[in-house]
Amino acid sequence: MFVPTLKGLAAGIAAATLSLSAHATVEVQWWHAMGGELGEILEGITEEFNASQDEYRVRPSYRGNYTETMTGAIAAFRARQQPHILQVFEVGTGTMMASEGAIYPIHELMEDHGRAFEREAFLPAVVGYYTDTRGNMLSFPFNSSTPILYLNRDAFEAAGLSGTPETWEEIVEASRRLRESGAARCGFTTSWPSWVMLENFSAMHDSPLGTRENGFGGLDTEFVFDNGLVASHWDNLKAWQDEGIFRWGGPGPGDDAAPMFYSGECAMFFGSSASRAGVLANADFEVGFAMQPYYAEVEGAPQNSIIGGATLWALQGHSDEEYEAVAAFFEYLSRPEVQADWHQRTGYLPITQAAWELSETQGFYAENPGADISIRQMNLNPPTENSKGLRFGNFVQIRDIISEEMEAVMSGQKNGEQASADAARRGNALLRDFEAANR
């Protein structure tokens with residue numbers, strides 16, 4: 001599916017301001033991509049803001065998954081019916097940044113409306129990803145996550161295993177013990193294969209995905225992940241699948257992975273830290289938490305994992321009064337107690353230092369062992385050029401390509417070398433399209 005960039009639509013947006021309602025309360029629309037339990041928590045936070053004052057009302061609207069929400073927003077721009085706030089996942093950051101006339105940068109929005117917003121208050125890993133080359137934050141980092149490893153502790157105990165696997169070698173050893181003992185039919189599975197088994201895998205091994213600082217340094221970047229490390233890892237996954245210790249959870253989001261973990265079929269599951277609430281709600285066994293593994297023989301590993309999740313973008317084309325409401329809402333979301341509650345209930349990172357300190361003071365981490373795994377993993381080391389994140393244009397489509405090529409390995413159609421080379425080649429073609437559209 002091709003998702004066009006927003007830049008070409010920006011020219012007609014500036015004039016598309018909306019008039020104020022006759023009512024005294026100023027309303028703003030927030031399009032988001034959170035369903036289920038996360039959506040309910042999001043709706044609750046919004047209602048708490050609405051109840052805290054009587055000047056503004058934020059109306060959240062679920063618009064499907066991240067890709068569907070972003071695609072829908074582009075169509076809305078064409079019809080001049082864009083929302084005030086749009087939730088965009090991290091791989092859409094490059095596309096949004098290139099759409100200067102379509103977005104209202106958060107640092108400008110907050111300053112223009114006299115609202116508190118200091119980037120120094122946010123965690124360094126968050127700030128580094130969502131700022132421009134001048135250090136200005138462009139979007140509000142509402143929900144930040146990173147992939148972690150979930151463990152079925154009951155199965156581990158039944159297999160006579162203690163401790164937590166830290167390396168891929170230990171993952172494989174534990175998986176074999178789990179199967180041999182009959183404690184589980186498979187060792188591990190994964191959701192979001194591109195995010196986990198390429199993007200974060202490369203970051204933790206300090207291996208580049210692309211040139212020009214993984215897309216941070218300019219549009220003329222190229223993918224270079226078709227290397228021996230990635231190819232051998234994908235081949236290993238295929239071999240482990242054939243052995244029965246790994247189960248492929250499917251392409252894209254890997255929707256089959258979590259159910260295999262919940263049912264006890266697989267004793268380990270790679271998923272977002274934000275899956276914590278869902279995992280605890282669906283698992284009828286003791287759940288353990290661990291960092292992503294690494295190959296012990298790779299020099300410098302492990303490095304920090306990279307950020308996932310999404311941010312909130314303010315879109316052009318609305319009145320000053322409505323932007324005042326947006327700024328007030330973002331200020332509310334920045335409050336330590338709001339962020340701490342969101343973090344504790346969902347598993348998303350506490351995006352501010354104050355929210356992390358409040359959670360610690362409240363005894364959350366002491367009472368919930370493993371709840372700080374994502375934070376410790378993100379801050380394992382100072383980010384390197386290869387582990388500070390990625391910012392490639394058209395990466396929404398490119399991630400689908402990577403997932404397709406990984407599935408070709410799992411189905412035996414290609415080996416790791418062929419698939420990674422084809423993924424890089426196909427991805428580079430979309431990078432050149434993005435570069436041509438945004439020069």
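The first residue of the sequence shown is numbered 1, and numbering continues consecutively from there. Please read all numbers here as calculations on a predicted model, not as lab measurements.
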Both conditions, 6.0 Å and 45 degrees, for the charged tip of R115 above the ring of F330: are they met here? no
Test item: T164 and R153 side chains (from C-beta on) under 4.5 Å apart, heavy atoms: yes
Quick check: do D154 and F156 have side-chain heavy atoms less than 4.5 Å from each other? no
For ring-ring contact (aromatic ring centres under 6.0 Å, His included), just list the numbers for F142 and H32, CA-CA rounded to whole Å, side-chain angles, deciding distance to a tenth of an Å, and then say yes or no. CA-CA 11 Å; F142 175 60; H32 67 87; 9.1 Å; no
How are the rings of Y323 and H113 set to each other: parallel, tilted or perpendicular (split at 30° and 60°)? tilted
Quick one: do I402 and F225 satisfy side-chain contact (heavy atoms from CB on, under 4.5 Å)? Show the steps, please. CA-CA 11 Å; I402 293 167; F225 58 75; 4.2 Å; yes
E404 atom CD, neighbour heavy-atom count above 12 within 6.0 Å: yes
Here the pair of heavy atoms bringing Q87 nearest to A33 is OE1-N, 2.8 Å
Got a sec, which pairs hit disulfide (SG to SG under 2.5 Å) with one end in residues 204-310, sequence neighbours left out? C186-C266
Do F434 and F395 have side-chain heavy atoms sitting under 4.5 Å apart? no
Salt bridge flag under 4.0 Å for residues E213 and K388: yes
Derivation of the salt bridge (charged side-chain N to carboxylate O under 4.0 Å, His left out) call for R276 and E37: CA-CA 11 Å; R276 179 185 176 90; E37 295 172 348; over 6 Å; no
With R176, which residues qualify under side chain to side chain contact (heavy atoms under 4.5 Å, CB included), at least two apart? V172, E180, E243, I245
Do you know the tightest heavy-atom contact between H205 and Y295? NE2-N, 2.9 Å
Any heavy-atom pair between the side chains of N236 and W168 that's under 4.5 Å? no
Are W248 and F270 close enough that their ring centers fall under 6.0 Å? no
Applying disulfide (SG to SG under 2.5 Å) as the test, list every pair that has at least one member in residues 372-405; sequence neighbours left out. none
Any side-chain heavy-atom pair of N152 and V287 under 4.5 Å: no
Just checking, is any N or O donor in the side chain of Y262 or D284 under 3.5 Å from an acceptor N or O on the other one? no
Do Y66 and V88 make a side-chain contact, defined as non-hydrogen atoms from C-beta onward lying under 4.5 Å apart? no
Would E43 and R59 pass as an ion pair if we require N to O under 4.0 Å? no
Given salt bridge (charged side-chain N to carboxylate O under 4.0 Å, His left out), test R425 with D422 step by step and report yes or no. CA-CA 5 Å; R425 174 184 54 78; D422 286 346; 3.5 Å; yes
ring-ring contact (aromatic ring centres under 6.0 Å, His included) for Y62 and W31? Distances and angles first, verdict last. CA-CA 6 Å; Y62 174 66; W31 288 12; over 10 Å; no
Does the side chain of L431 reach to within under 4.5 Å of the side chain of N394, using non-hydrogen atoms? no
Minimal non-hydrogen separation, P193 against S403, with atom names: CG-OG, 3.8 Å
In the structure I gave you, are the side-chain heavy atoms of M378 and I307 within less than 4.5 Å of one another anywhere? yes
On a heavy-atom basis, the closest approach of V279 and F269 is CG2-CE2, 4.3 Å
Steps toward ring-ring contact (aromatic ring centres under 6.0 Å, His included) verdict (F117, H107): CA-CA 7 Å; F117 191 76; H107 70 99; 8.8 Å; no
